[in-house]
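Please read the structure below before turning to the comments.
Note: hydrogens, waters and symmetry copies are ignored here, and every other heavy atom, side chains too, is used.
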Amino acid sequence: MERDGLVTRAVHDENPPRVEYALTPLGRTLVPLIDAARIWSEEHLPTLLRARETYEP
């Protein structure tokens with residue numbers, strides 16, 4: 001994701017070692033899509049779980 005320009009990575013010279021990741025402006029453009037997927041999941045999870053329970057291959 002860093003190579004793709006979606007996140008930045010900052011390594012801190014500490015003990016214990018610490019690394020911080022942050023979204024870039026390009027990465028932040030994905031937030032509405034991720035939020036839409038979350039909303040869809042909240043709305044449809046019960047139906048999806050019922051389908052799994054009744055599925056017979």
Result of checking Leu23, Val7, Thr8, Thr24 against Met1 for side-chain contact (heavy atoms from CB on, under 4.5 Å):
Val7
Closest approach of His12 and Ala10, non-hydrogen atoms and distance?
CD2-O, 3.6 Å
Can you name the closest pair of heavy atoms from Leu30 and Leu6 and give their distance?
CD1-CD2, 4.0 Å
Could you please spell out the steps behind the side-chain contact (heavy atoms from CB on, under 4.5 Å) verdict for Glu20 and Arg9?
CA-CA 6 Å; Glu20 290 182 339; Arg9 181 175 181 265; over 6 Å; no
For Val31 and Ile34, what are the C-alpha separation, side-chain angles and deciding distance, and is it a side-chain contact (heavy atoms from CB on, under 4.5 Å)?
CA-CA 5 Å; Val31 170; Ile34 294 167; 5.5 Å; no
Neighbour count >12 (heavy atoms, 6.0 Å) for atom CZ, Arg52:
no
Could you state the interatomic distance from CH2 (Trp40) to CG (Leu48), rounded to the nearest 0.5 Å?
5.5 Å
Thr47 and Arg50 side chains, donor-acceptor separation under 3.5 Å:
yes
